[in-house]
Amino acid sequence: MTATPTTLPASVPARSRPGWRRVKKARAPAIKYTALLIFAVIILMPVYILIVTGFKGVAETDPAHAWALPHLWTTSAWRQAWDQLSPNMMNSLELAIPATILSTVLGCLNGFALSKWRFPGANIVFTFFLFGMFIPYQAVMIPLTELLAKLQFPAQLPRLALAHIIYGIPITTLIFRNYYATIPEDLMESSRMDGAGMLRTLWSVVLPISVPAFVVTMIWQFTSIWNDFLFAVFIITDPSQYPVTVALNNTTGSLVSAYDLQMSAALLASLPTLVVYILLGRYFMRGLMAGALKG
Amino acid sequence: MAEIVINGLTKRYPNGFEAVKDLTLDIGEGELLVLVGPSGCGKTTALRMIAGLEEISDGDLYIGGQRMNDVLEKDRDIAMVFQNYALYPHMTVAQNIAFSLKIARRPRAEIKRRVHETAQLLAIEEMLDRRPKQLSGGQRQRVAMGRAIIRQPQVFLMDEPLSNLDAKLRVQMRGEIDALQKRLAVTTVYVTHDQVEAMTMGDRVAVLRDGKLQQVDTPFQIYERPANLFVASFIGSPPMNLAEAAIKQTKDGLTVSLGEAEIAIPHELAARNSLDAWVGKSVIAGIRPEDIYEVTRKTAKLQAAMQVKIDRVEALGASLLGYFSVDAAAPRAESVSAIPAEEVLSEAPLTGTSGTSFCAIFEPRAMLKIGDTTEVALDLSRLHFFDPETDASLLAEDEPEKKKKPEAKKK
Ligand SMILES: Nc1ncnc2c1ncn2[C@@H]1O[C@H](COP(=O)(O)OP(=O)(O)OP(=O)(O)O)[C@@H](O)[C@H]1O
Ligand SMILES: [Mg+2]
């Protein structure tokens with residue numbers, strides 16, 4: 001290889017010369033942050049209305065003055081929303097926590113089997129899993145409710161949890177399978193040579209390096225189970241068992257619209273997912289990267 | 001510790017490709033056998049069949065007298081060192097080394113003692129608390145070795161364990177592994193594509209090509225008596241010079257004509273190679289670069305001298321490589337080993353002659369320059385002859401050379 005001279009041909013326009021690029025580079029963060037700021041403002045505007053309306057009295061909640069700060073700050077709407085929703089929030093936690101954990105564990109086992117235990121036909125099985133992701137909830141509502149009714153499950157919440165666990169399997173399996181596909185085969189074989197069986201390898205070698213995949217999957221599952229409305233409204237018939245999403249919907253009065261109550265209730269209902277994101281968000285980003293690039 | 005007996009071992013991959021064909025080998029107790037061959041020849045496949053990581057399609061594998069074909073890898077009592085070390089990233093060095101003992105549920109005190117003994121042996125005591133990513137390549141290599149030796153297994157398998165290290169470290173680790181193996185006296189199969197590693201480490205060397213075993217012997221015998229053209233051209237750097245040559249009968253005995261040179265063959269050499277049967281026919285003649293000398297005023301003029309024009313010289317300090325063209329056809333390309341790119345010392349000479357390029361190792365102070373004409377002599381006793389059809393060496397098999405053959409000579 002001969003080194004080519006590094007002078008630029010004369011035809012290159014002045015703007016793309018290295019000097020220019022340096023100027024552009026210095027500006028890049030400014031542009032980036034301005035863009036981010038604009039998006040942040042767009043997203044935070046409704047949140048602002050949500051919060052200020054929650055602190056207004058019923059009398060003040062006039063859509064025409066939605067932007068104005070309350071004249072009289074009051075927490076009555078918050079207290080009312082909490083009284084009304086807290087039993088349903090407990091229902092949602094009772095639903096989402098076990099369902100998230102179970103569907104994540106199932107996804108982990110499936111992903112491990114599909115990428116590292118390579119039984120004949122593993123790819124075909126995986127394809128079926130993927131199909132499962134593309135089936136819309138609405139398409140299976142009726143058969144699902146009938147099936148669950150036939151199962152004679154004692155309580156309604158576990159029934160709903162079961163539906164969520166089964167519906168979560170495709171996505172959790174996908175995340176774990178793709179993550180495990182990045183773990184070198186040599187590592188598994190090394191463990192086998194060291195005398196570990198498949199389950200011991202999973203426990204001692206694979207699980208400890210699966211934290212990113214667990215975080216991603218758990219955030220995903222918790223959020224979608226917590227936020228689900230459709231399954232809940234179909235499967236749960238006992239109002240005392242309603243998860244928070246259904247209860248929230250019911251705060252919409254039939255006569256007057258108590259905006260202050262609705263807004264504070266909506267914010268309360270979304271707090272747990274917010275907390276999960278804030279606590280695990282760092283891992284979430286890192287986890288997505290780790291899954292995409294390398295273990 | 002145990003001997004390994006491999007009998008007709010064959011690997012057929014699901015796509016029908018035969019990566020290892022009818023491999024038969026006996027590896028003596030405590031022996032270090034090096035499996036060498038070019039990339040893709042099936043070395044890793046063979047090793048993985050011994051390890052139990054790859055199913056055996058055909059043939060039998062015995063370790064310590066026990067048939068192992070259907071024994072699970074974890075019950076074979078084999079330790080393997082992987083090319084990329086495959087250390088557990090979340091474990092410390094100590095945990096990495098101890099993992100197999102932990103699985104075997106050894107008592108904690110014993111594990112601790114053995115980890116320290118192993119670390120001491122490999123001089124990695126100060127690193128026991130580090131994680132693999134905090135180690136250099138050479139240190140990782142040692143940890144990988146430690147993980148294998150702590151188990152005191154029957155057999156070590158190593159798949160190109162040094163190929164990720166730089167040249168200098170490779171030479172050092174080569175010596176260390178060799179010494180360690182001698183000390184522990186564990187039967188070892190060592191895979192490499194580096195013929196220098198093969199020659200320096202192996203008690204015996206097995207040369208593999210396209211899944212077929214070419215020759216198994218001591219490094220000395222492999223070098224001195226290559227069984228065929230492939231082994232002759234694969235082992236040795238720079239490789240053996242090979243060219244077509246005609247055998248003729250004269251009143252004084254046989255001659256071989258190599259290009260323009262007409263070389264009388266000593267009777268003893270002719271007899272050893274049964275050259276009588278080849279009179280009037282072509283063979284492939286071979287001579288190693290170190291067996292070609294420059295004829296100077298001091299050295300007596302030998303009979304096998306030829307006039308050559310130097311195309312290219314490479315001064316290596318300790319020696320001087322001179323390249324020249326011999327007006328004779330080269331052997332078929334598929335018979336010889338393509339020289340791996342890293343070992344090519346020179347491109348083909350640019351002088352554009354139709355002959356075959358030969359290399360000779362001259363005295364370092366032979367003041368040769370490109371374009372010089374000089375007279376070279378061949379050490380006739382060290383000529384090799386090969387059948388141009390079958391590629392096999394013409395050297396008679398039944399020679400009093402079987403000094404060191406492994407005792408296990410069954411079947
Ligand atoms: N799973 C497989 N299916 C089909 N063919 C395979 C498979 N694995 C390996 N091979 C082929 O078998 C041959 C031998 O492979 P192997 O890995 O044993 O070579 P090698 O001698 O170790 O080479 P290298 O020095 O490059 O590591 C190669 O030609 C390879 O393409
Ligand atoms: Mg290999």
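Every chain is numbered from 1 and lettered A, B, ... according to where its sequence line falls, protein lines coming before strand lines.
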Does the side chain of A:Leu187 come within less than 4.5 Å of B:Pro89's, by heavy atoms? yes
Part of [X] lying under 4.5 Å from any heavy atom of chain A:
| X | answer |
| --- | --- |
| B:Leu101 | neither |
| B:Arg48 | side chain |
| B:Ala51 | both |

Hey, is [atom1] on [X] packed in by over 12 heavy atoms from elsewhere, all under 6.0 Å?
| X | atom1 | result |
| --- | --- | --- |
| A:Tyr33 | OH | no |
| A:Met90 | CE | no |
| A:Phe119 | CZ | yes |
| A:Ile124 | CD1 | no |

What's the shortest heavy-atom distance between B:His90 and A:Val205, and which atoms? CE1-O, 3.5 Å
What pairs with B:Tyr190 under ring pair (Phe, Tyr, Trp, His ring centres under 6.0 Å), at least two apart in sequence or on another chain? none
Can you tell me how far the [atom1] atom of [X] sits from the [atom2] atom of [Y], to the nearest 0.5 Å?
| X | Y | atom1 | atom2 | value |
| --- | --- | --- | --- | --- |
| A:Ser204 | B:Tyr88 | OG | OH | 9.0 Å |
| A:Arg192 | B:Leu72 | CZ | CG | 9.0 Å |
| A:Glu185 | B:Leu53 | CD | CG | 10.0 Å |

How would you list, in number order, the residues of residues 77-85 of chain B that have a heavy atom less than 4.5 Å from chain A? B:Ile78, B:Met80, B:Phe82, B:Asn84
Could you go step by step and tell me if B:Arg147 and A:Ser190 meet the side-chain contact (heavy atoms from CB on, under 4.5 Å) rule? CA-CA 10 Å; B:Arg147 216 165 48 168; A:Ser190 179; 2.7 Å; yes
Can you check side-chain contact (heavy atoms from CB on, under 4.5 Å) on B:Lys74 and A:Asp194, steps first, answer last? CA-CA 7 Å; B:Lys74 60 185 175 120; A:Asp194 271 345; over 6 Å; no
